[in-house]
Number of protein chains: 2
Amino acid sequence: MASMKDTIKSVAVDLFFRKGYYATSISDIARGCGIQKASIYYHFPGKEELLFSIMQSTMQDLLSSLENHLADASDIEGRMRAAIRSHVSFHLNRQKETFIATSELRGLTEDHLSVIVARRDDYERIFQELIRQGVDQGVYENCDMKILSYAILTLCTAGAFWFRPDGRLSVDEIADIYEKFVLNGLMAAQASRAFQQSPAEFATRT
Amino acid sequence: MASMKDTIKSVAVDLFFRKGYYATSISDIARGCGIQKASIYYHFPGKEELLFSIMQSTMQDLLSSLENHLADASDIEGRMRAAIRSHVSFHLNRQKETFIATSELRGLTEDHLSVIVARRDDYERIFQELIRQGVDQGVYENCDMKILSYAILTLCTAGAFWFRPDGRLSVDEIADIYEKFVLNGLMAAQASRAFQQSPAEFATRT
DNA sequence: GTCTATAATAAGATAGAC
DNA sequence: GTCTATCTTATTATAGAC
């Protein structure tokens, strides 16, 4: 049974996703909950705190999901695959929240923004570390880790912008496509270079 | 010599980029231009029309840039490279406008939104056509064209979100990284598959 | 914990003089 | 083409009763 505080949060998620943070008023949220707008302020100090609360629990769960997925994988390729699958499926399964967390950072106060950005940086660092390990082990081509980690994450994050739960492709199918594209992208040059250097040795690895 | 209309537009671009569309008031823009806020309304019917004007000229120039870059390339790989370079360099060189055009769609009325989205769809279709031609000619692996075109475009568009003109990497260096990652991503599976099927023939193509 | 009523503020936009 | 002055409206947030 959901508390009113949870109801408010969930109605806010729905409205922020559909209309945007600025276009959603406290009255809109109250109407969605079936209460008066003044009652919102009993549960949250203000509109911005409500946004912050949404973003914080989203980032928390995003990080947990990544840790859970990584726990099941051991070698570097498996770990990268697990990380991408976690990232993609979280962003599609919790589309509304991830959409908000990505697109409404402008709505946060400076203090709250720095908390969320710090969490996001922690999250990105895990991906950068995965790329670095892959490069160290010679599985991926040497590359600019920061730029590529942004590229990989953004690419999958964008799913939250166009995904339709009742659309042509399921979450798993989309995760497959992204997983393949990113892994290919990271490994391709390595593969072709290895082939050029030593086709025989390359063949044993394929 | 810039007209006041151009000045207003350029000040608005700067403020929308730095503070966001909703957080920027007509008064802010007027102050940036050194005029009174009522004077803005002589040049633009309202704040939303100003945003629309910025987005429309940005999309126009984005499309022109792509056409110019494509005119110089002939084969499919060269055309894809040219398209990616055009996309990346435009988004970094005109960072403020492309950032706004990407992140402030929520600020448009329904009518204006549909105009911009239609232009964006035209633009995306050119990339989808490039991918399709590459697949037809066997240069790229068969793939989901819509999803991959979103992936490629978003990945590069995201540059406008983190790029620093005075940062570590130049526009050209970033374009190089993206060009390589995307091309590798599109061709990788094809390359390794070709090698598995016929290593000798593959070698002649490398 | 929710209500009614209202304060406080700020924004987009217009009227009309110069 | 720009100004001063003002209108209109909407929003966040608070006070205080129940």
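Proteins come first, then strands; the chains are lettered A, B, ... in the order of their sequence lines, and each starts at number 1. All values reported here derive from a predicted model rather than from experimental measurement.
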Salt bridge or not for B:Arg125 and B:Asp122, using N-O below 4.0 Å? yes
SB check B:Arg79 B:Asp75 (cutoff 4.0 Å):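 No.
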Do B:Phe99 and B:His91 have ring centroids that are under 6.0 Å from one another? no
Is B:Ser39 close enough to D:dG1 that one of its side-chain N or O atoms is under 4.0 Å from OP1 or OP2 there?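 So the side-chain polar atoms of B:Ser39 never come under 4.0 Å of the phosphate oxygens OP1 or OP2 of D:dG1.
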Under 6.0 Å from the NZ atom of B:Lys19, do we count more than 12 heavy atoms belonging to anything else shown? yes
Base, backbone or nothing for each nucleotide of nucleotides 11-18 of chain C, written B, S, -, heavy atoms under 4.0 angstrom, 5' to 3'? SBBBB---
How close or far is atom [atom2] of [N] from atom [atom1] of [X], stated in whole angstroms?
X: B:Tyr42; N: D:dT2; atom1: OH; atom2: C1'; result: 10 Å
X: A:Glu49; N: D:dT12; atom1: CD; atom2: C1'; result: 13 Å
X: A:Phe44; N: D:dT14; atom1: CZ; atom2: P; result: 15 Å
X: B:Ile35; N: D:dT2; atom1: CD1; atom2: P; result: 6 Å
X: A:His43; N: D:dA13; atom1: NE2; atom2: P; result: 16 Å
X: B:Asp6; N: D:dG1; atom1: CG; atom2: P; result: 12 Å
X: A:Ile29; N: D:dA13; atom1: CD1; atom2: P; result: 11 Å
X: A:Arg31; N: D:dT11; atom1: CZ; atom2: C1'; result: 13 Å

Which residues satisfy the side-chain contact (heavy atoms from CB on, under 4.5 Å) test with A:Ser170, sequence neighbours excluded? A:Asp172, A:Glu173
Mutual orientation of the aromatic rings belonging to A:Phe52 and A:His112 [parallel < 30°, tilted 30-60°, perpendicular > 60°]: parallel
